[in-house]
There are 2 protein chains.
Amino acid sequence: MMDDPFQALRKMFERYAPIPDAEWELFRPALRPEKIEKGKVWIEIGQDGDAIAFLLKGLMRNYYVMADGNEYTRAFRAAGQFVASYSSALSGEVSQCAVEAVEDCEVLTFSYREFKRGFARHACWERIARVIGEEMYIEYQKREYELLCMDALTRYEAFQSRYSSLHDRLSQSLIASYLGITPVSLSRLRGKRARKDF
Amino acid sequence: MMDDPFQALRKMFERYAPIPDAEWELFRPALRPEKIEKGKVWIEIGQDGDAIAFLLKGLMRNYYVMADGNEYTRAFRAAGQFVASYSSALSGEVSQCAVEAVEDCEVLTFSYREFKRGFARHACWERIARVIGEEMYIEYQKREYELLCMDALTRYEAFQSRYSSLHDRLSQSLIASYLGITPVSLSRLRGKRARKDF
DNA sequence: ATCATTTCTTATCCTAGGTTAACGAACTTT
DNA sequence: AAAGTTCGTTAACCTAGGATAAGAAATGAT
């Protein structure tokens with residue numbers, strides 16, 4: 001039962017506040033298990049971004065697509081984390097960023113509109129939403145710091161420590177798109193550092 | 001009474017959830033009016049960042065200081081907004097960023113630790129904290145987008161539309177520190193654009 | 001008004017990173 | 001095994017923006 005996906009999500013939520021069984025039973029039907037295959041764009045730019053996914057397996061990313069086709073990755077998400085166009089879910093506006101599966105994924109999805117209904121019923125839901133929001137804020141503030149204050153090489157090193165377990169699951173062009181540089185440039189950085197290291 | 005500072009703050013909070021009078025009376029003693037003079041560092045790097053200020057008058061900024069003395073501004077805040085080292089207040093860790101007064105300021109300060117006590121008493125407080133957190137998240141996500149995807153000139157234009165009213169109250173080196181470039185470089189951008197606009 | 005201080009501009013030179021292209025290594029597909 | 005793919009590397013060249021320094025403009029102090 002430890003690997004019942006519904007239980008995994010409940011456990012995740014309950015890191016922030018206990019959920020009474022009655023409340024859980026009310027929320028549970030809102031959950032939909034889904035498989036998302038590698039390469040599939042789960043949330044498209046300009047579409048509704050109300051859906052939130054809890055990742056059970058696989059790897060996903062949030063990214064922007066520029067007019068010239070260039071992509072910039074906001075974040076990677078692995079099993080045990082939430083995936084969403086969070087700003088879009090919060091604001092109700094269409095999504096500015098896309099979300100796609102980097103590997104074959106299994107997720108549990110639900111609607112944030114649906115989730116918010118709980119706020120009026122029981123305090124646990126608002127508590128959970130608040131703390132998750134705060135954690136996301138802290139995460140993106142670190143990211144903002146990196147982008148504002150660090151050069152590409154330092155950002156790469158920060159990436160390696162933050163996402164150390166993901167490093168080998170990602171292609172260099174994906175890593176480059178996260179760092180805000182080109183794959184060519186990342187390759188150069190790697191070469192430069194390898195030469196320095198000995 | 002419209003310009004009673006306490007009322008101004010209450011009104012601000014009540015944009016998110018109504019606060020019963022009894023709750024307000026419990027919270028009010030936590031508020032401390034303060035004057036912060038221009039140039040004064042209100043929150044220092046490495047110090048406790050639990051304090052939150054509601055700006056009644058003046059202008060403040062959040063910023064990072066690099067080892068070489070270089071500064072990068074995260075955000076500017078004007079009257080009617082909250083000022084804090086928000087991540088630090090949320091996490092309880094010491095502040096990574098400094099906060100200073102860009103102009104002479106009048107504020108109403110309170111402790112986030114104190115504020116959080118309300119969560120256990122009445123749902124309005126958690127609602128307020130959640131929505132303010134969400135708004136901050138959305139703001140910083142826009143900022144992250146700008147830093148990740150835009151070049152300096154485009155960021156400058158974005159700055160001008162976002163902070164149009166503040167543009168003339170800020171020195172160029174402060175604006176440059178917000179854009180993540182040097183004052184010299186900003187001057188060059190301005191010159192270049194002026195020549196284009198003729 | 002004068003001198004001093006800070007702030008902005010402009011010029012020169014330099015470095016990080018973008019662009020393009022050519023090449024090699026590791027896969028698929030047949 | 002051969003011929004495409006896709007990816008990472010390397011090199012040549014280019015551009016945005018950093019560093020430094022020297023003027024010009026604005027602001028303040030006496």
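A note on names: the letters A, B, ... follow the listed sequences, proteins ahead of strands, and every chain is numbered from 1.
Ring planes of B:Phe115 and B:Phe13: tilted class, angle from 30 to 60°. Ring geometry for B:Tyr178 against B:Tyr163 counts as perpendicular: the plane angle is over 60°, on a 0 to 90° scale with 30° as the lower cut. Taking the six-membered ring where tryptophan is involved, the planes of A:Phe119 and A:Tyr112 are perpendicular, since the angle between them exceeds 60° and thus also 30°.
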Inset, instruction - Mark up nucleotides 12-19 of chain D, 5' to 3', with B wherever a protein heavy atom is under 4.0 angstrom from a base atom, S wherever such an atom reaches only the sugar-phosphate, and - elsewhere. - result: B----BBB
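When rounded to the nearest whole Å, the span between CD of A:Glu71 and C1' of C:dG18 equals 17 Å. A:Arg190 has its CZ atom 14 Å from the C1' atom of D:dT10, to the nearest Å. The CE atom of A:Met66 sits 13 Å away from the P atom of C:dT19 (whole-angstrom rounding). When the P atom of C:dT7 is taken as reference, atom CG of B:Leu174 falls 9 Å away, rounded to whole Å. Between the NZ atom of B:Lys38 and the C1' atom of D:dG28 there is a distance of 12 Å, given to the nearest Å. The interatomic distance linking A:Tyr72 (OH) with C:dG17 (P) rounds to 13 Å, in whole Å.
Applying the salt bridge (Lys or Arg N to Asp or Glu O under 4.0 Å) test to residues at least two apart or on different chains, the pairs with a partner in residues 31-42 of chain A are A:Lys35-A:Glu106. Within the structure, salt bridge (Lys or Arg N to Asp or Glu O under 4.0 Å) contacts touching residues 176-186 of chain A (residues at least two apart or in different chains) do not occur.
A salt bridge links A:Arg130 with A:Glu134: the closest approach of a Lys/Arg side-chain nitrogen to an acidic carboxylate oxygen falls below 4.0 angstrom. Between B:Asp21 and B:Arg10 there is a salt bridge, since at least one side-chain N of the basic residue sits less than 4.0 Å from a carboxylate O of the acidic one.
Residues from residues 158-173 of chain A placing a heavy atom under 4.0 Å of any atom in DNA chain C do not occur.
Partners of B:Glu144 by side chain to side chain contact (heavy atoms under 4.5 Å, CB included), not counting sequence neighbours, listed by chain and number: A:Tyr64, A:Arg74, A:Tyr140, A:Arg143, A:Leu147, B:Gln141.
B:Gln96 CD: 12 or fewer foreign heavy atoms inside a 6.0 Å radius. More than 12 heavy atoms of other residues, nucleotides or ligands lie within 6.0 Å of CD in B:Glu139, so this atom counts as buried by the packing criterion.
Axis deviation across the helix from C:dT9-D:dA22 to C:dT30-D:dA1 amounts to 30°, comparing end segments of five pairs, rounded to 10 degrees.
In terms of heavy atoms, B:Thr109 sits closest to B:Ala53 at CG2-CB, 4.0 Å.
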